[in-house]
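Read the numbers this way: they start at 1 and go in the same order the structure lists the ligands and their atoms. Quick note: residue numbers are just sequence positions, from 1.
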Amino acid sequence: MHIKKLAGAVGAEITNIDLTQLNNLSFNEIRAALFSHGMIVIRDQNLTPEAHIALAERFGPIDINRFFAPVDTHPMIAEVRTKPEMTHVIGGTWHTDHSYDPAPAMCSILAARALPPFGGDTLFASMTAAYEGLSDGLKQTLRTLRAVHSDGSFAQSNVGIDAQTSAFRQPVVHPVVIAHPTTGAPCLYVNGDFTLNFEGWTPQESAPLLSYLFAHATRPEYSCRVTWKAGSVAIWDNRLVQHFACADYAGHGRLMHRITVEGETLAPY
Ligand code: SIN
């Protein structure tokens, strides 16, 4: 397996590996690469839906997203589909998958199924680099705070998300700076799609600092960009990165299959 960094803070490209043929040693290398780079894109795969599920289950039990349309034949897989006539795409703003859950998904595994002739890249930003890039004073303050996360933004979704009222749950609270559950690394854990306010602060009081953090967290120097190719599979750790799907292929369709893997409750750094 060949691992090449994509940018200074986040992301690596892996070639010369077949994800359907991983032994324990090579799986552990993939997992270690995920924790050290936050996001890995593995090229030239031929993952059937069954192999996609089998790969996800090596990381842990599958966490089925309650808003996304399932793939008809494989309900454990979520469909991320852009129709040619759509002007917005699923995930088209910076976000963290499932931060609205009490135990947010550990990782997401996205497989390219049908790509537009240009565009449709996905960007990732390192939440460890974002935390490290703050002043000592702000780091200290943020480490004392928790923030409220909600799935409410799905109610306004215009991208084919199935926002049934029965899917919505009560908001949850997470530390603003979490310790990565495996490595202990600090990660800034607030995102523009799902974080509403700091616990004990009003949304109005929270907005200036949250806006600053959302913009800071996604600075170009903390990020990388994946250009998809047929057969590409990306795996990202939702505690370590935020991501953004680029809606720059108007008039063309795009189909991806996504599986999220169960995570755990998050502890402060
Ligand atoms: C997502 O937000 O999970 C989708 C990312 C993508 O389609 O590139």
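Ring-plane geometry between Tyr189 and His149 is classed as tilted, the angle between the planes lying from 30 to 60 degrees on a 0 to 90 degree scale.
Remark: the Thr96 side chain and the Asn238 side chain contain no N/O donor-acceptor pair separated by less than 3.5 Å. Donor-acceptor pairing under 3.5 Å is recorded for the side chains of Thr227 and Asp121. In this structure, a donor-acceptor pair under 3.5 Å is absent between the side chains of Thr260 and Asp63.
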Quiz: residues 261-269 side-chain donor-acceptor pairs under 3.5 angstrom, not counting sequence neighbours:
none

Can you produce the list of protein nitrogen or oxygen atoms under 3.5 Å from a nitrogen or oxygen of ligand 1, alongside each distance?
unit_1, atom_1, unit_2, atom_2, d
ligand 1, 2 (O), His95, NE2, 3.0
ligand 1, 2 (O), His243, NE2, 3.0
ligand 1, 3 (O), His243, NE2, 3.3
ligand 1, 3 (O), Arg258, NH1, 2.7
ligand 1, 7 (O), Arg254, NH1, 2.8
ligand 1, 7 (O), Arg254, NH2, 3.4
ligand 1, 8 (O), Thr122, OG1, 2.5
ligand 1, 8 (O), Arg254, NH2, 2.8

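Contact of the His2 side chain with the Ile17 side chain is not registered, since no non-hydrogen atoms from C-beta on lie closer than 4.5 Å.
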